[in-house]
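Each remark here refers to the structure printed beneath this line.
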Amino acid sequence: MEDVMLNVRALAAMKKMSIEALANECGINPNHLKQVSAGNVVMTGEDLKALSKFTGVPADNIVTN
């Protein structure tokens, strides 16, 4: 994958799922991931790893704020 920066909403869209479904697939609390997406809380390292593993997007390409 090329060096494209993706946020939580874009990752969910890429997988054709809601943010809630993405969170569930990654083992992340859906409310937490929604708050991350809204910019209200910071993504944890564990969240970042889980999102990267599930989506195949390198962690360095996931926007965390």
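Here the structure is a predicted model, which is why all the values come from computation and not from measurement.
Here the side chains of Asn24 and Pro30 are in contact, with some heavy-atom distance below 4.5 Å. By the 4.5 Å heavy-atom criterion applied to side chains, Ile28 and Thr44 are not counted as neighbours. In this structure the side chain of Ile19 never reaches within 4.5 angstrom of the side chain of Val36, judged on heavy atoms.
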Pair Leu51-Leu33, side chain to side chain contact (heavy atoms under 4.5 Å, CB included): steps then yes or no: CA-CA 10 Å; Leu51 287 168; Leu33 197 58; 4.2 Å; yes

Test log, rule side chain to side chain contact (heavy atoms under 4.5 Å, CB included), inputs Phe54 and Leu11: CA-CA 10 Å; Phe54 179 73; Leu11 291 171; over 6 Å; no

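Note: Glu20 CD to Asn31 CG = 7.5 Å, rounded to the nearest 0.5 Å.
Residues Asp47 and His32 come closest through the heavy atom pair OD2-NE2, 2.7 Å. Met14 and Val57 get closest at one heavy-atom pair: CE-CG2, 3.6 Å. A pairwise comparison of heavy atoms in Met43 and Val63 identifies CE-O, 4.0 Å as the closest pair. Cys26 and Ala50 make their closest contact through O-CB, 3.4 Å (heavy atoms, listed as atom of the first residue, atom of the second, distance). Considering every non-hydrogen atom in both Ala10 and Leu6, the closest pair reads CB-CD2, 3.9 Å.
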